[in-house]
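Okay, structure first, notes after.
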Protein chains: 2
Amino acid sequence: MSTVPELSSLTPRAAEIVSAARVLLEEEGRDALTVRALADRLGIRAPSLYKHFSDKAAVEAALMERGLAETGAALHAALDAARHATPPEEPIGAVLRAYRRIGLAHPNLYRLTTSGPLPRQRLAPGLEEWAGTPFFLAAGEPYLAQALWSFAHGMVILELDGRYPEGSDLDRTWAEGAHAFTARRPRGGVERPSAEAQA
Amino acid sequence: MSTVPELSSLTPRAAEIVSAARVLLEEEGRDALTVRALADRLGIRAPSLYKHFSDKAAVEAALMERGLAETGAALHAALDAARHATPPEEPIGAVLRAYRRIGLAHPNLYRLTTSGPLPRQRLAPGLEEWAGTPFFLAAGEPYLAQALWSFAHGMVILELDGRYPEGSDLDRTWAEGAHAFTARRPRGGVERPSAEAQA
DNA sequence: CCTCCATAGCTAACTTTGTTAGCCAGACTC
DNA sequence: GAGTCTGGCTAACAAAGTTAGCTATGGAGG
């Protein structure tokens, strides 16, 4: 139930712009997210956008914040749901399923958020790490957690990019990976995170 | 020792261009791979390149072919080496190590080759699949193979993009993943591929 | 009430990028 | 020797991000 770190504050108009950018990105793809196209959607001219954002990368950074926040929220929620189910569900499988679901639900936002270097100076501090902690909570230790995250990201991005051979049974591939990692999970897993475990 | 599928044939001049493009890409990054910069390196003007390639994407496709061919060759070689070592080495670990090595050796070519949709019409037929078969040969079955590949790609791309927290012990994370997948490998693995196993 | 100034729009214009059109010199063929 | 193919060239365009500088509106302070 951990709460989202506070996102970078935006003026109301800037928030509208980010929302429009998100719709544009998701509906028409990353290449279509152009300054002029975004301005068009808002009924203004391209240079006016620079009254609200220093450059295009700043808009993208705001979108990445949204992506990270939503991903983190979905993963934390999935973990909590698994924990409180009766009987408690396997947390690794729960996190993996949630991760895939959110990636496929917003493919272009996912790609934007997870491809290429992150502009960390422009992101709310702590956000990136908070979004990733569910992997740690599910895996019980940091090395397995990173391996699990890498597997999940690889699966999602390769699926989004159409890299798997046609007709692949990806449900089964996910299950295979989940099984491999679950078998290595340390006995008992991890309770609610202690402060230093998060750091 | 399976041989590389025949790559798309290039005129000598076109091959020179691709080589120059590769150096430019690797030395200065993807954004620096511009038509004019490439022409500069060759001592000609930008429009002259269009006498050799229909568009920039065609040059990139040729680079992707190289990337796939080299990756495939390295993985097949690593697998053969593991097989013929005394005693024979664990094939999953061998393929993973080779995959990481080649990704880190040519980060920009790796990113170009593995990010975004593949222009399959422009690639030599069979090449993509041939580059991936070592994962199948090491895993012994297709689902584990895809999971293994996804893990490997996720690890490499996240490392290249600087996504892991500073100071992460990635050697250990790789080992953790290798161990998880090795434990699930079917008894005995797979001999040299039979024809239908490749298809 | 009037002045001032911050806000948020505008037009014009510049740079960089991929790309096309069309010209020309040299080399090889018949 | 005439013609054609090859591989360069210049000029130019459209789309992209961005900057400079103008202007209208609307609230704050005197």
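By convention in this document, chain letters (A, B, ...) are assigned in the order of the sequence lines, proteins followed by strands, and residues within each chain are numbered from 1.
- Taking the six-membered ring wherever Trp is involved, the centroid distance between the rings of B:Y143 and A:W174 does not fall below 6.0 Å.
- Between the P atom of C:dT7 and the CD1 atom of A:I44 lies a distance of 16 Å, rounded to the nearest Å.
- Residues from residues 29-38 of chain B lying near DNA chain C, meaning a heavy-atom separation below 4.0 Å, are B:L33, B:T34, B:V35, B:R36 in numerical order.
- Between B:D171 and B:R100, the closest heavy-atom pair is OD1-NH1, 2.7 Å.
- Side-chain contact of B:S115 with B:R30: a donor-acceptor pair under 3.5 Å is absent, judged by distance alone.
- Using bins of under 30°, 30° to 60° and over 60° for the plane-to-plane angle, the ring pair B:H153/A:H153 lands in the parallel bin.
- Across the protein-nucleic acid pair, B:Y50 atom OH and C:dT19 atom C1' stand 5 Å apart, rounded to whole Å.
- A donor-acceptor distance shorter than 3.5 angstrom exists from the side chain of A:E26 to the backbone of A:N108, with no hydrogens or angles considered.
- The shortest distance between the side-chain N/O atoms of A:H52 and the OP1/OP2 oxygens of C:dG9 is below 4.0 Å.
- One interatomic measurement links the two molecules: CG of A:L42 to P of C:dA8, which rounds to 13 Å at whole-angstrom precision.
- Computed from coordinates, the B:D40 CG to C:dT16 P distance equals 12 Å when rounded to whole Å.
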For residues 64-75 of chain B, which side-chain N or O atoms pair as donor and acceptor with protein atoms under 3.5 Å away, sequence neighbours left out?
from  : atom 1 : to     : atom 2 : distance (Å)
B:E65 : OE1    : B:S8   : N      : 3.2
B:E65 : OE1    : B:S8   : OG     : 3.3
B:E65 : OE2    : B:S8   : OG     : 2.6
B:E65 : OE2    : B:A124 : N      : 2.6
B:R66 : NH2    : B:S19  : OG     : 2.9
B:E70 : OE1    : B:R22  : NH1    : 3.3
B:E70 : OE1    : B:R22  : NH2    : 3.0
B:E70 : OE2    : B:R22  : NH1    : 2.5
B:T71 : OG1    : B:G67  : O      : 2.8

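- Residue-to-nucleotide contacts include no donor-acceptor pair under 3.5 Å from the side chain of B:K56 to the base of C:dG18.
- With a heavy-atom cut-off of 4.0 Å to chain B, the contacted part of DNA chain D has its first and last nucleotide at D:dG7 to D:dA12.
- Going from atom CG of B:L49 over to atom C1' of C:dT17 covers 13 Å, rounded to whole Å.
- Between the side chain of B:R163 and the main chain of A:G116, a donor-acceptor pair closer than 3.5 Å is present.
- A tilted orientation is assigned to the rings of A:F135 and A:W149, their planes being inclined by 30° to 60°.
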